[in-house]
Amino acid sequence: MKIAYSCAGEGLGHAARMVCLGPLLEQTFEVIYYVPSSVRAYVEGRLPGRVFRPLPWFDFEKKGDRVLYWATFLRSLRRSASMVADVLALARDLASEGIDAVVSDYDPYLAWAARVNGLRTVQFNHPGIVGRRLTFDPRCWAAALVGFLMEGPWHKRLHVSFYLGDIGPLIRPELLARP
């Protein structure tokens with residue numbers, strides 16, 4: 001069975017999970033990695049010799065470490081204009097690779113491409129957890145909406161979190177081996 005595995009391009013949490021989970025999946029499946037250019041060097045450096053494909057992503061507009069929410073929103077609107085074409089190109093790639101299923105870590109592009117091709121998708125992420133505990137604060141609802149949109153379609157979803165998660169954080173074997 002061939003699996004396509006994608007991750008989000010913001011921060012390194014999604015890429016770190018890919019580095020941890022990917023080799024475990026490789027024990028049973030053939031895995032092709034779809035990785036945004038923003039985290040590609042990190043993932044390739046830790047998973048050398050694997051097959052990597054490019055992946056578009058929604059990125060944050062920042063000033064230092066601060067996210068500029070309105071600028072990010074406007075950038076995302078511009079980015080979404082090409083999303084359909086990007087998804088269709090990815091769907092063709094999934095078909096030509098003979099992919100049987102998709103694992104997506106907070107990446108809507110490959111998840112939608114899988115839907116186009118009728119493939120099963122497992123959504124695996126931590127930001128989506130914000131939708132599990134909604135309050136009356138509008139920021140909470142905005143965060144939940146973004147989380148929902150970034151997950152894309154899925155058949156099975158696992159939230160990774162100490163707080164209300166389906167599973168706790170993943171820890172790479174080399175970190176567990178240290179005293």
Side-chain angles (χ1 to χ4, degrees), residues 1-60 72 75-131 144-161 165-167 170:
M1 180 176 209
K2 271 180 115 170
I3 293 178
Y5 187 172
S6 67
C7 73
E10 279 293 332
L12 289 177
H14 308 280
R17 261 193 306 278
M18 178 179 270
V19 167
C20 182
L21 184 59
L24 298 173
L25 290 171
E26 290 171 6
Q27 292 174 10
T28 307
F29 308 107
E30 183 178 346
V31 180
I32 296 179
Y33 296 90
Y34 286 78
V35 183
S37 61
S38 58
V39 296
R40 188 164 179 154
Y42 174 86
V43 176
E44 279 186 332
R46 285 155 182 82
L47 298 176
R50 275 47 173 222
V51 177
F52 293 95
R53 299 283 183 264
L55 183 71
W57 81 100
F58 288 99
D59 54 337
F60 294 128
T72 296
R75 176 187 275 191
S76 295
L77 282 179
R78 287 190 303 273
R79 182 80 191 100
S80 63
S82 66
M83 188 172 180
V84 170
D86 292 336
V87 165
L88 292 175
L90 285 167
R92 286 189 297 275
D93 194 59
L94 292 175
S96 71
E97 290 286 354
I99 298 296
D100 299 301
V102 166
V103 174
S104 168
D105 190 331
Y106 209 55
D107 156 53
Y109 285 93
L110 205 65
W112 279 109
R115 175 64 57 95
V116 167
N117 289 2
L119 301 175
R120 304 286 295 171
T121 302
V122 174
Q123 178 54 238
F124 188 74
N125 71 79
H126 66 275
I129 199 76
V130 297
L145 176 61
V146 168
F148 174 75
L149 293 173
M150 287 298 294
E151 287 178 329
W154 45 267
H155 294 92
K156 175 72 174 171
R157 178 177 63 187
L158 298 169
H159 286 141
V160 181
S161 176
D166 301 306
I167 57 174
L170 298 179

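The first residue in the sequence is number 1, and the count goes up from there.
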Flag if over 12 foreign heavy atoms under 6.0 Å of NZ, K156: no

If you round to the nearest 0.5 Å, how far is CG of L90 from CZ of R53? 11.0 Å

Could you grab the distance from atom CZ of R17 to atom CG of N125, nearest 0.5 Å is fine? 6.5 Å

Separation between CE (M83) and CG (L88), nearest 0.5 Å, reads 10.5 Å

side-chain contact (heavy atoms from CB on, under 4.5 Å) between S38 and W57, worked out: CA-CA 9 Å; S38 58; W57 81 100; 3.6 Å; yes

Any side-chain heavy-atom pair from E151 and Y106 closer than 4.5 angstrom? yes

Across all chains, not counting sequence neighbours, the side chain to side chain donor-acceptor pair (under 3.5 Å) partners of S37 are none

Would you name the heavy atoms of P36 and A8 that are closest together and state the gap between them? CG-C, 3.9 Å

Can you tell me how far OG of S6 sits from NE2 of H14, rounded to the nearest 0.5 angstrom? 11.0 Å

CA sep, side-chain torsions, deciding dist, call: D93, I99, side-chain contact (heavy atoms from CB on, under 4.5 Å): CA-CA 9 Å; D93 194 59; I99 298 296; over 6 Å; no

Rounded to the nearest 0.5 Å, how far does CE of M150 lie from OG of S104? 8.5 Å

Listed by chain and number, what are the side-chain contact (heavy atoms from CB on, under 4.5 Å) partners of R50, not counting sequence neighbours? P23, E26, Y33, L47, P48, F52

Quick one: CG on D107 to OH on Y5, what's the gap to the nearest 0.5 Å? 11.0 Å

A113 to A91 - nearest heavy-atom pair and separation: CB-N, 3.6 Å

Pairwise side-chain contact, H159 with Q123, heavy-atom cut-off 4.5 Å (strictly under): no

Take Y42 and V19 through the side-chain contact (heavy atoms from CB on, under 4.5 Å) test and state the conclusion after the steps. CA-CA 9 Å; Y42 174 86; V19 167; 3.9 Å; yes

If we only count heavy atoms from C-beta on, is the I167 to F124 side-chain gap below 4.5 Å? yes

Any non-hydrogen side-chain atom of R115 less than 4.5 Å from a side-chain atom of T121? no

Checking side-chain contact (heavy atoms from CB on, under 4.5 Å) against M18, which of V35, D105, V39 comes through? V35

Close side-chain approach of L94 to Y34, heavy-atom, < 4.5 Å: yes

